[in-house]
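Notes for the one structure printed next.
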2 protein chains.
Amino acid sequence: MSKAADTRMMILQKSFELIYRKGYQSTSIDEIIATTQVTKGAFFYHFKTKDDMGLSLINEVLYPGMYNVMIKPLEEAKDPVKAIYKVMENLLNDFVFFNPDYGCPAINLIEEMSPMNPVFKKALAKLVKQWQNAIVAALNKGQADHIFTSTFVPEEVAMVVISGYGGVRNIGKALGKSSYKTYLRGLKTYLINL
Amino acid sequence: MSKAADTRMMILQKSFELIYRKGYQSTSIDEIIATTQVTKGAFFYHFKTKDDMGLSLINEVLYPGMYNVMIKPLEEAKDPVKAIYKVMENLLNDFVFFNPDYGCPAINLIEEMSPMNPVFKKALAKLVKQWQNAIVAALNKGQADHIFTSTFVPEEVAMVVISGYGGVRNIGKALGKSSYKTYLRGLKTYLINL
DNA sequence: GACATAACATACTAATTGGTATGTTGGCAA
DNA sequence: TTGCCAACATACCAATTAGTATGTTATGTC
């Protein structure tokens, strides 16, 4: 990677951390260049506007990161129930970078930026849809393998699951990490009874 | 109500609408006084700071409004399954003031303000806890009446339900109102199978 | 009707915002 | 070695921010 590309990626990474904790609009460019030790000239050389940086951040940092944790494990899954639960447990408990106080960076951006910027909205909707599709595919495979005792509509179960994730990330901001534990137990019971 | 109290409440109401659509930090006092036709002097006569106004808004507008829709119907409920579903359907479909693009004002505030201001966090956590308690109480009553076929932990089911709500409000911002319908069908199946 | 205070109105400020204009420098091709 | 451009650096700017200082006016009380 060239030095310029290094600088660019470093700006994106540090911005990602700041925005995760403070929100997109409350993170100023001045603060970003202060923590990155990069000058304003350098910042605007690499990114046309703040929103250009934000969108690059979604596509080049957030998206690949989330894809690896939320979607890839489901594509390779044998038992969809175990796989879905494992992904959720991994997301909620194992990621040390994710703090209950600050929630999930993807959920935060959807919450804050979807109503403000249609380009952000589209990029974030893509991420959600991919997760949804991966869960539906895993459930479909499970139904084909006859591992479920009840009949259900995979799209509806997927929506309950991804909503549960987004919601518990929200609740966790108010009530703390204990919400995660309670939710995970409830999710496990739900999935087992499918 | 005195004229001064009228002015105060009008500021809170209009601020509530603006903040619902734009977020708390992105709604400036200048914008609030422009839409309310109230001068800056009047604003700062009624509220010490912006955060003082925000907290008043939570306690005097958001809290009573949400209480009536989310909690009261559950306290009077006979069939908890029907009551919980009805509350959710009412929240997601019937409130014309609530727009899928802008989500839920309470969820939005938790998302944005819980990490920024511990006073906001506390006031919002109270609202969540009350809803949680109301759902748990309704489920407990249902278990005492032996209307459920499965055994479950009410706290866990309540957490799945309130997380589902918060999450689908988030997903809805990215994917639109159709998410609500899919979620509600999934929720119904979940509740019926309890 | 005098007076006090509540309820505003106006004009300002210092700090912060995203963005720009105009530099400078380092490395590589010819 | 020279020339050129990518990759920065510095200095600025107009707009917006929450908040304040200092007014004026309405209203109730005696």
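A note on names: the letters A, B, ... follow the listed sequences, proteins ahead of strands, and every chain is numbered from 1.
Between Glu31(B) atom CD and dA15(D) atom P the separation is 17 Å, expressed in whole Å. The interatomic distance linking Ile33(B) (CD1) with dT17(D) (P) rounds to 10 Å, in whole Å. One interatomic measurement links the two molecules: CG of Asp30(B) to P of dT20(D), which rounds to 14 Å at whole-angstrom precision. Here the C1' atom of nucleotide dT17(D) and the NZ atom of Lys22(B) are 13 Å apart, to the nearest Å. Atom pair Arg8(A):CZ and dA6(D):C1' shows a separation of 15 Å (rounding to whole Å applied). Across the protein-nucleic acid pair, Tyr45(B) atom OH and dT25(D) atom P stand 18 Å apart, rounded to whole Å.
Remark: the Tyr190(B) side chain and the Glu156(A) side chain contain no N/O donor-acceptor pair separated by less than 3.5 Å. Using a 3.5 Å distance cut-off with no hydrogens or angles, the side chains of Asp51(A) and Asn117(A) do pair a donor with an acceptor. For the residue pair Lys126(B) and Asn59(B), no side-chain donor N or O sits within less than 3.5 Å of a side-chain acceptor on the partner.
Salt bridge Arg21(B)/Asp101(B): absent, no basic N to carboxylate O contact under 4.0 Å. Using a 4.0 Å cut-off between charged side-chain N and carboxylate O, Glu31(B) and Lys22(B) make a salt bridge.
Annotation: Trp131(B) is in aromatic contact with Tyr165(B) [ring centroid separation under 6.0 Å]. For Phe47(B) and Phe43(B), the ring centers sit closer than 6.0 Å to each other.
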- request: Walk me through it: do Phe152(A) and Phe148(A) pass the test ring pair (Phe, Tyr, Trp, His ring centres under 6.0 Å)?
  value: CA-CA 9 Å; Phe152(A) 61 83; Phe148(A) 295 115; 4.9 Å; yes
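For the pair Lys50(B)/Tyr24(B), a side-chain contact is recorded, criterion being any heavy-atom separation below 4.5 Å from C-beta on.
Running 5' to 3' along DNA chain C, contacts with non-hydrogen atoms of chain A at under 4.0 Å begin and end at dT17(C) to dT20(C).
Under 3.5 Å, the side chain of Lys40(B) and the base of dG19(D) form at least one donor-acceptor pair of N or O atoms.
Within residues 110-118 of chain B, no residue places a heavy atom under 4.0 Å from DNA chain C.
The residue Thr27(B) sits close only to the backbone: its heavy atoms come under 4.0 Å of sugar-phosphate atoms, none of a base. Backbone-only contact: Ser28(B) has heavy atoms under 4.0 Å from sugar-phosphate atoms and none from a base.
Close to dA7(D), at under 4.0 Å from its OP1 or OP2, lies no side-chain N or O of His46(A).
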